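Working notes for the structure below.
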Amino acid sequence: MERHAVQPINSVTRFGLTQLLYTITTILFILFSTAAAATQELLRGFTSTPDPSVSSFQALLSDSTGNYSLGFIRVKQTQLALSVIHVPSSEQLWVANMTRLPKWSGPTRLFFNGSLVISDSHSGVFWSTQTDGDRVWISNTSNLQIEKLDQSHSILWQSFQFPSDTLVENQNFTSAMSLVSSNGLYYMMLGSDFVGLYARFNPESDSNQIYLKHKALEAKADVIEGQGPIYMVLSSDGFLGMYQNGLVPVDVQSFSTFQQRGSGIRRVRIEPDGNLKGYFWTGSSWVLDYQAISDPCELPSSCGSYGLCQPGKGCSCMNNRTDHSSGGCDPQENNSGDFCGTNGDDKYWVLRRNGVELPFKELMGYEKMGSELQCERACEVNCTCWGVVYSNSSGFCYMIDYPIQSLVVLVFGMVVGFGIFRVWKRKRGVKGYVEEDGEVGVGPYKNLGSASFRSIELCEK
Ligand SMILES: *[C@@H]1O[C@H](CO)[C@@H](O)[C@H](O)[C@H]1NC(C)=O
Ligand SMILES: *[C@@H]1O[C@H](CO)[C@@H](O)[C@H](O)[C@H]1NC(C)=O
Ligand SMILES: *[C@@H]1O[C@H](CO)[C@@H](O)[C@H](O)[C@H]1NC(C)=O
Ligand SMILES: *[C@@H]1O[C@H](CO)[C@@H](O)[C@H](O)[C@H]1NC(C)=O
Ligand SMILES: *[C@@H]1O[C@H](CO)[C@@H](O)[C@H](O)[C@H]1NC(C)=O
Ligand SMILES: *[C@@H]1O[C@H](CO)[C@@H](O)[C@H](O)[C@H]1NC(C)=O
Ligand SMILES: *[C@@H]1O[C@H](CO)[C@@H](O)[C@H](O)[C@H]1NC(C)=O
Ligand SMILES: *[C@@H]1O[C@H](CO)[C@@H](O)[C@H](O)[C@H]1NC(C)=O
């Protein structure tokens with residue numbers, strides 16, 4: 001009885017609730033899809049300015065999955081970069097290459113007029129794709145693209161062609177590109193049959209130091225001269241493949257998750273320490289999957305300028321009176337250039353150290369010489385030389401034409417590697433330096449009186 005009386009009310013309620021739910025769902029769906037559609041492409045006329053209330057990332061455009069987003073990212077609090085990030089981790093996958101960065105403030109704006117442009121009313125254009133496209137969008141693989149909306153739907157510009165420090169899965173890294181670390185010190189480039197990692201140790205010189213060279217092993221296919229340049233692709237199967245043409249790789253560098261297919265995505269990045277690392281996304285974090293250099297002492301500048309790396313023990317300073325932990329060993333804040341035109345060699349100290357070697361000496365040029373003294377003289381007479389390392393077991397003399405970076409300490413007691421390095425006395429301007437006495441340099445040296453500095457200087461010229 002009771003049940004019968006109640007039931008009609010129930011049906012009515014149910015009907016009403018269903019109706020309401022349907023309406024709400026429809027409204028939400030419409031709202032959501034409109035909002036999503038609005039941020040999944042930018043059309044001509046789009047313009048946006050940085051929001052002062054945003055503290056780190058201001059999203060402007062996202063891909064269809066919501067995994068990737070293009071937006072303004074804060075740099076040093078007050079500046080702005082344009083970046084594509086992986087949303088769940090906030091990891092930057094691409095950043096627009098600007099020589100100077102605009103301010104995170106009103107006059108700065110991003111607009112799309114056929115070109116995607118960043119400019120401000122005072123400084124003009126900071127960055128532009130210089131295209132004549134109709135639509136900007138991000139593929140579900142994080143590729144930012146500018147497209148023409150004609151029959152061909154041709155892609156006029158894509159971020160995959162201008163990588164920053166990161167490559168993602170199936171992104172084609174060609175011999176026309178370079179991957180540059182965020183601090184600008186290290187880069188990766190392809191050669192005719194190898195991939196190389198290079199360091200810009202001397203900002204005032206064009207000659208850069210290669211510190212890692214991986215030649216194609218050619219196990220499955222050979223690199224054939226005259227068959228075009230090689231290129232490299234990060235495979236979903238967990239390896240970095242080198243190809244010349246076709247599908248058969250000329251080289252495979254496999255990661256720890258090689259051939260482990262999962263839903264996760266992959267990326268490789270050239271790190272600010274010069275290493276090349278591969279990562280795998282588990283759904284909640286990035287797991288290290290590969291690193292080109294596994295021994296920290298083999299990194300191009302593991303302990304910084306004038307540092308020493310002892311395997312298993314860490315960093316110290318070549319001048320062992322300076323404490324590495326107090327901020328590095330570099331005696332000069334502006335350590336660059338050469339010694340040419342200095343007219344008189346009382347402008348630098350000479351620092352010596354026994355039992356050391358260069359971390360990547362097999363990639364450096366050398367000359368065979370009869371003695372350490374001969375090696376040292378060759379450097380003395382050459383104003384672009386910053387130092388030498390002589391090995392009296394091989395007789396090889398390695399000349400270094402950039403401010404000396406880190407050396408590796410040889411096994412205790414071995415006296416085979418001799419390092420002799422030039423160290424600027426206090427420098428003034430670009431190539432003028434006076435002030436022989438008084439406190440030397442800056443940073444860790446500032447507490448050292450000239451007397452204590454002198455005791456490590458074995459030959460003052
Ligand atoms: C993001 O990408 C992963 C694959 O890595 C995918 O499984 C997931 O569905 C994507 N997220 C969204 C919101 O679509
Ligand atoms: C878009 O704006 C830039 C910067 O103001 C300008 O140089 C360019 O000519 C414009 N392009 C078009 C198609 O109007
Ligand atoms: C990404 O887009 C391609 C088509 O461009 C599609 O085949 C694929 O399923 C999409 N992947 C995801 C995770 O949405
Ligand atoms: C950015 O551009 C400069 C010169 O315009 C170039 O030297 C540098 O390699 C570029 N950086 C990247 C990451 O491509
Ligand atoms: C990658 O780029 C090279 C050189 O431009 C080209 O020959 C090759 O076909 C490209 N591969 C893919 C998969 O796009
Ligand atoms: C400092 O280095 C010199 C060689 O340059 C070495 O003879 C001396 O033993 C070192 N001192 C300490 C405390 O390690
Ligand atoms: C290298 O020089 C050191 C010191 O002059 C000497 O003790 C050592 O025997 C030499 N080693 C060789 C292989 O000549
Ligand atoms: C001077 O040293 C540089 C390397 O530092 C070398 O490339 C150059 O050939 C040397 N010049 C002479 C005249 O030996």
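Please read these numbers as outputs of a predicted model, since none were measured by experiment. In listed order, ligands and their atoms are each counted from 1.
At a cut-off of 3.5 Å, with distance as the only test, no side-chain donor of N172 or T174 sits close to an acceptor on the other residue.
Not a single donor-acceptor pair under 3.5 Å links the side chain of N140 to the backbone N or O of T65.
Distance from atom 3 (C) of ligand 2 to its nearest protein heavy atom, with residue and atom name: N113 ND2, 3.6 Å. Nearest protein heavy-atom contact of atom 9 (O) of ligand 4 is V180 CG2, 3.9 Å. Closest protein heavy atom to atom 4 (C) of ligand 5: T174 CG2, 3.9 Å. Protein heavy atom closest to atom 5 (O) of ligand 2, with residue, atom name and distance, is F111 CZ, 3.8 Å. The nearest heavy-atom contact from the protein to atom 1 (C) of ligand 4 is N97 ND2, 1.4 Å. For atom 7 (O) of ligand 4, the closest non-hydrogen atom on the protein side is R200 NH2, 4.9 Å.
Remark: R74 qualifies as a cation-pi partner of W104 under the 6.0 Å distance and 45° angle criteria applied to the six-membered ring. Geometrically, K213 engages F194 in a cation-pi contact defined by less than 6.0 Å to the ring centre and at most 45° from the axis. Cation-pi check for R266 over F280 is not met; the charged atom does not lie both under 6.0 angstrom from the ring centroid and within 45 degrees of its normal.
In terms of N/O distances under 3.5 Å, ligand 5 is approached by N172.
Distance remark: protein heavy atom present below 4.0 angstrom from atom 14 (O) of ligand 4.
A distance below 2.5 Å between sulfur gamma atoms is not met by C309 and C315.
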